[in-house]
Number of protein chains: 2
Amino acid sequence: MPIVHKATHDPKMCQKMLLPVRDSLEFLNGKWKIPIIIALSFGNRRFKELASEIEGITDKMLSKELRDLEQNQLVKRTVYDTVPVKVEYSLTDYGHSLDKVIEELRNWGTQHRKRIMRKSS
Amino acid sequence: MPIVHKATHDPKMCQKMLLPVRDSLEFLNGKWKIPIIIALSFGNRRFKELASEIEGITDKMLSKELRDLEQNQLVKRTVYDTVPVKVEYSLTDYGHSLDKVIEELRNWGTQHRKRIMRKSS
DNA sequence: CGGTATCCCTGAGGATACTG
DNA sequence: CAGTATCCTCAGGGATACCG
């Protein structure tokens with residue numbers, strides 16, 4: 001199904017379609033949010049677990065992105081009052097609202113990679 | 001439906017899910033590809049038409065992104081042998097394979113914007 | 001363990017001018 | 001009309017060190 005069903009030159013209409021798409025991409029952009037979300041979709045994780053499972057990420061980036069994800073309510077941060085302190089991160093229900101988006105991105109990426117490989121062979 | 005159905009700590013499995021998603025995001029990233037694709041989904045366009053319909057884009061960026069989209073077979077460039085020369089850009093069938101991805105991004109973006117608005121009121 | 005603080009660098013993209 | 005060529009800015013993110 002096409003995105004648009006009737007030819008038009010109205011820039012306002014473009015804008016209206018564009019804004020939410022840009023919102024999503026702006027949010028998902030950057031190297032680390034998706035890796036973090038996928039890692040957490042495998043189960044709850046502690047800070048250092050994430051740091052070692054997500055290849056290449058620095059503590060600074062992990063910390064920053066987790067804070068951002070928490071503020072956007074996609075991730076929940078739970079502090080356990082033990083010694084030493086234990087912090088656990090988990091995906092919220094809202095975090096799972098990205099499942100469909102990620103799945104579409106994955107489908108297209110898989111398919112596109114095949115196509116590009118084929119071309120350059 | 002969850003992305004993953006069984007808890008695991010296997011980083012290899014994360015990687016395998018991650019790669020195609022990163023491919024997609026890497027490709028869609030940047031400010032201009034989605035605006036161009038959406039504009040073209042409204043019908044075929046000439047260079048200057050795109051330049052004026054896509055707010056804020058420079059000739060340089062438009063030219064560069066169109067070349068990239070053409071190389072990836074999402075967009076077709078047709079040169080008409082008139083004086084002065086007329087160049088028309090159109091979405092290929094493959095270009096439309098992004099429809100579902102864009103739709104999901106739009107859905108999530110719309111919904112997320114509402115959620116964020118509500119929170120900050 | 002669970003992070004911060006600093007410093008630094010690269011490249012995406014903007015501004016402007018020019019060409020066939 | 002349909003682009004190129006140059007120069008420049010700035011923010012995302014890396015490296016490294018440190019803290020409670």
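Order of the sequence lines sets the chain letters (A, B, ...), proteins ahead of strands, with each chain counted from 1.
In this structure, of D/dG13, D/dA2, C/dG13, it is D/dA2 that holds the atom nearest to the side chain of B/V87. Comparing D/dG13, C/dG14, D/dA2 against the side chain of B/F47 picks out D/dA2 as the nearest. Listed nucleotides D/dC1, D/dT4, C/dG2 differ in distance to A/R77; the shortest reach to its side chain belongs to C/dG2. The side chain of A/D59 approaches C/dG3 more closely than any other nucleotide in the set C/dG3, C/dC1, D/dG13. Set against D/dG3, C/dG2, D/dG14, the side chain of B/K48 has D/dG3 as its closest nucleotide.
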| said: side-chain contact (heavy atoms from CB on, under 4.5 Å), that's the test. Do B/Q111 and A/Y94 meet it? Break it down for me. | reply: CA-CA 11 Å; B/Q111 198 253 126; A/Y94 186 51; 3.4 Å; yes
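The CG-C1' distance, from A/L62 to C/dA5, rounds to 17 Å in whole Å. Following rounding to the nearest Å, B/L66 (CG) and D/dC1 (C1') show an atom-to-atom distance of 14 Å. When the C1' atom of D/dA2 is taken as reference, atom CD of B/E49 falls 12 Å away, rounded to whole Å. Remark: P of D/dA2 and CD of B/E65 are 19 Å apart, rounded to the nearest angstrom. Atom P of nucleotide D/dG14 and atom CD of A/E55 are separated by 13 Å, given to the nearest angstrom. As a whole-Å value, the separation of A/F27 CZ from D/dG12 P is 14 Å. The interatomic distance linking B/D81 (CG) with D/dC1 (P) rounds to 18 Å, in whole Å. Regarding A/M61, its CE atom lies at a distance of 12 Å from the C1' atom of D/dA15, rounded to whole Å.
Taking the six-membered ring where the residue is Trp, B/Y89 and B/F47 present tilted rings, their angle falling between 30° and 60°. Classified by interplanar angle (parallel below 30°, tilted 30° to 60°, perpendicular above 60°), the ring pair B/H112/A/F27 is tilted.
For C/dT4, the OP1/OP2 oxygens have a side-chain nitrogen or oxygen of A/R67 closer than 4.0 Å. Close to C/dG2, at under 4.0 Å from its OP1 or OP2, lies a side-chain N or O of A/R46. Distances shorter than 4.0 Å separate some side-chain N or O of B/S63 from OP1 or OP2 on D/dT4.
B/Y89 comes within 4.0 angstrom of the backbone, heavy atoms only, and of no base.
Proximity of a side-chain donor or acceptor of B/R22 to a complementary backbone N or O of A/K31 within less than 3.5 Å is detected.
Mapping B/K64 and A/G30 onto DNA chain D by nearest heavy atom places B/K64 at the nucleotide closer to the 5' end. Mapping A/K60 and A/E88 onto DNA chain C via the closest heavy atom, the residue that lands nearer the 5' end is A/E88.
Look at A/R106 and B/D23 and you find no salt bridge, because none of the NZ, NE, NH1 or NH2 atoms lies under 4.0 Å from a carboxylate O.
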